[in-house]
Visitor: 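One structure follows; several queries about it will come next.
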Protein chains: 2
Amino acid sequence: MTARTSTESARDIPEATVARLPVYLRALTTLSEAGTGTCSSEALAAAAGVNSAKLRKDLSYLGSYGTRGVGYDVDYLRYQIAREIGVTQDWPVVIVGIGNLGHALANYSGFRSRGFRTVALLDADPTRHGEMVAGIEVQPFDDLESIVAEHGVAIGVIATPAVAAQAVADRMVACGITSILNFAAGVLSVPAGVDVRKVDLSVELQVLAYHEQRKAQGELA
Amino acid sequence: MTARTSTESARDIPEATVARLPVYLRALTTLSEAGTGTCSSEALAAAAGVNSAKLRKDLSYLGSYGTRGVGYDVDYLRYQIAREIGVTQDWPVVIVGIGNLGHALANYSGFRSRGFRTVALLDADPTRHGEMVAGIEVQPFDDLESIVAEHGVAIGVIATPAVAAQAVADRMVACGITSILNFAAGVLSVPAGVDVRKVDLSVELQVLAYHEQRKAQGELA
DNA sequence: TCCGTTTTGTTCTCCCGTTCACAAACTCCT
DNA sequence: AGGAGTTTGTGAACGGGAGAACAAAACGGA
């Protein structure tokens, strides 16, 4: 899934843990907004929907931020996780492909509130250029290079049809983007050192259908 | 992630394999449309973006559908996988929450082409009722029970704000839905026997940010 | 100060998933 | 018919993650 070229730093956190840290972060934010100052691993694990032993092990990769007999300081732990993930800094993002999904992504508040700032919406279709989406003007895809250079964009989101996705990814990589979130169907091939994460909506439904089918079979047996 | 109550059937396919079957299915469809009649595990693995040994082991859980020295018949294998997943049959689906994301989901062609038929779009906001989205009229959320009963819906999609998600899930479970695809933030609690899969867009970006941050640290070292 | 209580951090064990490697099986060519 | 070449299916080794269990550490009360 992820390709790494540079030398690993001192602490390397397991992938499974990295994927759960954002979940803990959200749970901590909820707790903080509810006025909770301190919480136990048991309570936080319940809020995040995981096993408490797993939670403690995950947090131990970051350091010892808890107090035995007491628990974790909600705001302190929240800051530590945010810093570790990198969401304390500002991440400029470009979204390519402003169809239905691109619209939804541009309007998604969960990005901005976590340090991701959409600096540009790009689309190859000239009839869409100039259209305002979520307060941002849709620009030509050919402006990609200048926008990436100007804002120092490292993360790109692909929400185009499947046929265009590889070409978009190639252009992104060529102008220096090193992390891609891909919503288009199919496999992207990118050089080593570029991370790609794929979200496929239909795959999720198909997994549910598989289990649903098995439930039905079990009933008539 | 998934809870199972009924007795397992004869063959139980590993979860990791189940999650990849839809990917193979898509790759096979692409090959078939390109006129390819037969393919090797190596070729299919490349198209699906996985290791060929892993692909062969995955397929071996379904049965022996290949021919040694030759490979797999594309259309035959495609049918077998589709049957195993359950996408040869028709799956009625309801989508609750017709905001930006709900719009995108309703218009997403990848659902319909895989046997998922959106039978209703529901929203609690009365000002949206009657609006036509993707050729379907938005109806009141309170119609959930009658719609589920009428169409025999087993799969529900939640695309509401986070605060409403648990209440929607509870109503879905109460009227017989046993599989839920959840796009809302936060943890859903459901009784055993109900499967929930969660898609969190901001989690994916945060994982990318973590790796991006580490790349940057590696460079200056 | 000392003891009981609570909760973290960590060790250990088990299980699932990935990958290698190879025998079995099939095709094609001579 | 037989051998060379190809490709599947699977046994076995390996690595990583999940969960149980416990020692270490902090707090509170007497």
Side-chain angles (χ1 to χ4, degrees), chain A residues 1-4 8 11-24 27-28 31 36-74 76-78 80-81 84 207 210-211, chain B residues 1-4 8 11-24 27-28 31 36-74 76-78 80-81 84 187 207 210:
Chain A
M1 172 75 73
T2 56
R4 185 118 345 281
E8 293 293 341
R11 292 189 305 241
D12 62 322
I13 301 179
E15 268 305 305
T17 298
V18 171
R20 280 189 295 268
L21 289 179
V23 180
Y24 303 154
L28 285 166
L31 286 174
T36 310
T38 302
C39 72
S40 67
S41 64
E42 203 74 41
L44 181 54
V50 300
N51 182 292
S52 69
K54 179 155 50 178
L55 169 74
R56 288 198 299 276
K57 182 176 284 191
D58 283 342
L59 295 184
S60 74
Y61 290 112
L62 313 187
S64 286
Y65 296 132
T67 307
R68 297 171 192 232
V70 178
Y72 300 93
D73 182 288
V74 171
Y76 180 60
L77 181 59
R78 185 160 69 118
Q80 293 298 341
I81 294 180
E84 190 72 36
V207 172
Y210 170 79
H211 291 301
Chain B
M1 172 76 75
T2 57
R4 186 120 342 284
E8 294 293 340
R11 291 189 306 243
D12 60 321
I13 300 178
E15 269 304 306
T17 298
V18 171
R20 280 189 295 267
L21 289 180
V23 180
Y24 302 154
L28 285 167
L31 287 174
T36 310
T38 303
C39 72
S40 68
S41 66
E42 203 74 41
L44 181 54
V50 301
N51 182 294
S52 68
K54 177 153 51 177
L55 169 74
R56 288 198 299 277
K57 178 155 283 195
D58 283 342
L59 295 184
S60 75
Y61 290 113
L62 312 187
S64 286
Y65 295 134
T67 307
R68 296 174 194 229
V70 178
Y72 300 93
D73 182 288
V74 171
Y76 180 59
L77 181 58
R78 185 159 69 118
Q80 292 299 340
I81 294 180
E84 190 71 36
V187 180
V207 172
Y210 169 78

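Numbered from 1 within each chain, the chains take letters A, B, ... in sequence-line order. Heavy atoms only: backbone and side chains are in, while hydrogens, waters and symmetry mates are out.
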Visitor: Within less than 4.0 Å of OP1 or OP2 of C:dT7, is there a side-chain N or O belonging to A:Ser40?
Guide: no
Visitor: In whole angstroms, how far is the P atom of D:dG17 from the CG atom of A:Asp58?
Guide: 10 Å
Visitor: Rounded to the nearest angstrom, tell me the gap between atom CG in B:Leu44 and atom C1' in D:dT6.
Guide: 17 Å
Visitor: Can you name the nearest heavy-atom pair linking B:Ala45 to B:Ser52, along with the distance?
Guide: CB-CA, 3.5 Å
Visitor: For a quick test of reading the model: is some side-chain N or O of A:Tyr72 closer than 4.0 Å to OP1 or OP2 of D:dA26?
Guide: no
Visitor: Taking only the side-chain heavy atoms of B:Asn51 (C-beta and beyond), determine which of C:dT8, C:dC20, C:dA23 contains the nearest atom.
Guide: C:dC20
Visitor: On a heavy-atom basis, which atom in A:Leu31 and which in A:Cys39 lie closest, and how many Å separate them?
Guide: CD1-SG, 4.0 Å
Visitor: For B:Leu59 and C:dT19, give me the distance from atom CG to atom C1', rounded to whole Å.
Guide: 16 Å
Visitor: Side chain of B:Arg56 only, heavy atoms from C-beta on: which candidate in D:dT8, D:dG17, C:dT8 is closest?
Guide: D:dT8
Visitor: Give the nucleotide from the list C:dG17, D:dG17, C:dC26 with an atom nearest to the side chain of B:Ala16.
Guide: C:dG17
Visitor: Looking at B:Leu44 and B:Tyr24, what are the two nearest heavy atoms and their distance?
Guide: CD1-O, 4.4 Å
Visitor: Could you give the CG-to-P distance, from B:Leu62 to D:dG9, as a whole number of Å?
Guide: 10 Å
Visitor: Separation of B:Glu42 atom CD from C:dT19 atom P, in whole Å?
Guide: 13 Å
Visitor: Give the rounded distance in Å between these two atoms: OH of A:Tyr61 and P of C:dG9.
Guide: 14 Å
Visitor: State which of D:dT7, D:dG9, D:dA18 makes the closest approach to the side chain of A:Lys54.
Guide: D:dA18
Visitor: Using the closest heavy atom to pick a nucleotide of DNA chain D for each, name whichever of A:Arg20 or B:Gly66 lands nearer the 5' end.
Guide: B:Gly66
Visitor: Identify the heavy atoms of B:Tyr210 and A:Glu84 that sit nearest to each other, and give their distance.
Guide: CD1-O, 3.3 Å
Visitor: Choosing from D:dA26, D:dG17, D:dT10, which nucleotide comes nearest the side chain of A:Arg68?
Guide: D:dA26
Visitor: By nearest heavy atom, map A:Val70 and A:Lys57 onto DNA chain C; which one lands nearer the 5' end?
Guide: A:Val70
Visitor: Taking the side chain of A:Pro14 as heavy atoms from C-beta outward, which of D:dG17, C:dA21, D:dA20 is closest to it?
Guide: D:dG17
Visitor: In whole angstrom, what separates B:Gln80's CD from D:dT8's C1'?
Guide: 16 Å
Visitor: Kindly indicate whether the side chain of B:Tyr72, heavy atoms from C-beta on, has any atom under 4.5 Å from the side chain of B:Leu28.
Guide: no
Visitor: With a 4.0 Å cutoff (strictly under), does any side-chain N or O of B:Thr67 reach OP1 or OP2 of C:dC26?
Guide: no
Visitor: Can you measure B:Leu55 atom CG to D:dT10 atom P for me and round it to whole angstrom units?
Guide: 14 Å
